[in-house]
Amino acid sequence: MDRIMDRCGLFGMFDNNGFHTSHLIYYGLFAMQHRGMEAAGICVNDNQGRFAYIKDAGLVTEVFDGMKLEKLQGHAGIGHILRYDGSDARENAQPIVIRYTKGHMAVALNGGLTNIEEIRHDLELKGSVFQTLEAAEVISVLISRARNNYPTIEEAIASIMPILKGGYAMLVMTPRKVIGVRDPQGIRPLVLGREDHSWFLSSETCAFDELNIEYVRDVRPGEIVVINAEGPVSLQGMPEQEKRSCIYEYIYYSHPASVIGGQEVYKARYAMGRNLAKEAPVKADAVIWVPDSGLAAAAGYSDELGIPMLDAFAKNKYYDNNLVKPEGILFDREVHMKLAVIKSQVKDRDIVVVDDSMIRGTTAKTLVQLLRRAGARSVHLRIASSTISYPCRYGAAVPEEKKLIFHTQTEKEVLEMTGADSLAFLSREGMVTACSEAEGGFCMACFDGNYPTE
């Protein structure tokens, strides 16, 4: 409910099999469209070191068509999808492509740096001029400046990594290499795959599944994976620290079929629902879920308590981000356009609504109103994550603190605001135990304020 919005998704490849590089990147981005719906971009390079790119505001299917993809001919490429961050999507679309003393370079970033403004200001004082608000452009300048002092691009990248404070995954392309980089705590995900002699990098494994690409492994925290015509080579850009994967990837960001750090996302969400049922059971006639990310948690809640799960919300499949968004007094009506209640499923019934998270609480309030108008006897809200009280510093477009409902209000006050009969959240321990198959620890800063980096 009232989603945190992750900044973006990445997909890159080095083709040694004669694939249609731009087409595969297109489909890889499309498989992760849930990670970014405001802008999309693809940059490819041919064997002569020439770069070609297209990027614009819109969905992957809106930015690209067959003719545009045919213009992007090359043996390697990287792609990016952007999610809303309050800035101009067309202006800040990635990859960032620059030309410097060593040739062309393209950079695409998923994540956020806590010290990006300080880095940008320092570079501006040294004469750099920036065209976008994206951290990827700042990083491209850092790499280009460092490259003059190192024999290889990967060594230049390693030299700037200690400067970058935050959580990130990054793709860098040069005329002869595609490079994947992950922050030293592994806050943002990045995975490596292959098909025959071609190699791929992606934010999620679901893109590999859709393209029949073999998942090889996760890129390790602090690792730099360099892919060229001979295949991948690994070096440790920074010492690997205690792993702190973003737990919100399991709650909402990622596709349910994806596997992050050894943990399938669907299984984690299902387990969160079961844990929530153990912690906050309620007598009811039916469990309903909010499309789409609440499904797995609702199934777990339903199975744990033996309460039937019903489809009660019908989602408008034509609702997309081209729709003019309601503002001011019309804001709450946006939910009405996205969801309609199937009255026969809820009339004269005690209903449990299970969803993944709550940010502002406005969506929850509207859903309760919709269900009551449809004849529900009682409405109980169950949220399969803890209360969010702090902004994310690592690439999620989270509202400022004063707009986070639990930063200023108590659970009792939020219950009264939503109009539900009861409200309960999964404990932090319940979230962690649901991800028991994941490697390492988690970043839960948006829940507990414990930021793992400076």
Side-chain angles (χ1 to χ4, degrees), residues 6 8-36 40 42-45 60 72 74-81 95 106 108-111 154 168-174 176-183 186 188-237 243 245-246 249-250 253-266 437-439:
D6 186 28
C8 49
L10 308 171
F11 192 89
M13 64 176 291
F14 197 103
D15 173 28
N16 286 316
N17 292 322
F19 291 136
H20 294 286
T21 299
S22 61
H23 289 75
L24 282 178
I25 297 174
Y26 168 86
Y27 288 121
L29 295 178
F30 179 76
M32 296 185 291
Q33 187 73 83
H34 56 279
R35 296 190 72 91
I42 296 174
C43 178
V44 300
N45 78 80
V60 174
L72 298 176
H75 72 290
I78 62 175
H80 182 276
I81 43 179
L109 180 73
N110 170 29
E154 53 267 31
Y168 58 89
M170 177 169 56
L171 298 182
V172 179
M173 182 172 67
T174 68
R176 291 178 294 277
K177 300 172 183 177
V178 172
I179 302 168
V181 188
R182 195 175 182 194
D183 70 80
R188 289 283 166 234
L190 190 64
V191 292
L192 177 69
R194 70 177 298 175
E195 182 177 357
D196 294 330
H197 301 290
S198 294
W199 292 85
F200 301 81
L201 291 159
S202 175
S203 291
E204 292 189 41
T205 62
C206 67
F208 292 168
D209 295 336
E210 301 240 357
L211 294 172
N212 197 30
I213 294 168
E214 176 191 357
Y215 162 77
V216 176
R217 62 176 177 86
D218 284 23
V219 175
R220 296 187 302 272
E223 183 183 13
I224 300 174
V225 176
V226 184
I227 305 173
N228 58 24
E230 283 71 49
V233 175
S234 170
L235 67 142
Q236 200 64 31
K243 193 173 182 182
S245 298
C246 172
E249 291 282 355
Y250 300 98
Y253 287 160
S254 296
H255 192 283
S258 287
V259 177
I260 302 173
Q263 171 72 62
E264 184 184 75
V265 172
Y266 180 89
E437 297 178 7
E439 302 165 355

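We're numbering straight along the sequence, starting at 1.
- Taking the side chain as every heavy atom from C-beta outward, Ser245 and Gln263 never approach each other to under 4.5 Å.
- Using a 4.5 Å cut-off on side-chain heavy atoms (C-beta onward), Val191 and Phe208 make contact.
- The distance from the CD1 atom of Ile78 to the CE atom of Met13 is 13.0 Å, given to the nearest 0.5 Å.
- Without hydrogens or angle criteria, Arg182 side chain to Arg188 main chain gives a donor-acceptor distance under 3.5 Å.
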Please test Val265 against Tyr253 for side-chain contact (heavy atoms from CB on, under 4.5 Å), starting from the C-alpha separation and ending with a verdict.
-> CA-CA 10 Å; Val265 172; Tyr253 287 160; over 6 Å; no
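- By the 4.5 Å heavy-atom criterion applied to side chains, Met173 and Pro95 are not counted as neighbours.
- Between Val225 and Ile227 there is a side-chain heavy-atom pair separated by less than 4.5 Å.
- A 4.5 Å side-chain heavy-atom check between Gln33 and His255 finds every atom pair outside the cut-off.
- Ring planes of Phe200 and Phe19: tilted class, angle from 30 to 60°.
- With hydrogens and angles left out, the side-chain atoms of Glu204 and His34 include a donor and acceptor closer than 3.5 Å.
- Side chains of Arg35 and Ser254 form a contact here, defined as non-hydrogen atoms less than 4.5 Å apart.
- For the pair Gly111 and Cys8, the tightest heavy-atom approach, listed with the atom from each and the gap, is N-SG, 4.4 Å.
- Remark: Phe30 CZ is loosely packed, at most 12 non-hydrogen atoms of other residues, nucleotides or ligands lying under 6.0 Å away.
- A salt bridge does not link Arg176 to Glu230: none of the charged nitrogens lies less than 4.0 Å from a carboxylate oxygen.
- Counting heavy atoms from C-beta outward, Trp199 and Val216 have side chains that approach closer than 4.5 Å.
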Check the pair Glu214 / Glu195 against side-chain contact (heavy atoms from CB on, under 4.5 Å), numbers first and verdict last.
-> CA-CA 6 Å; Glu214 176 191 357; Glu195 182 177 357; over 6 Å; no
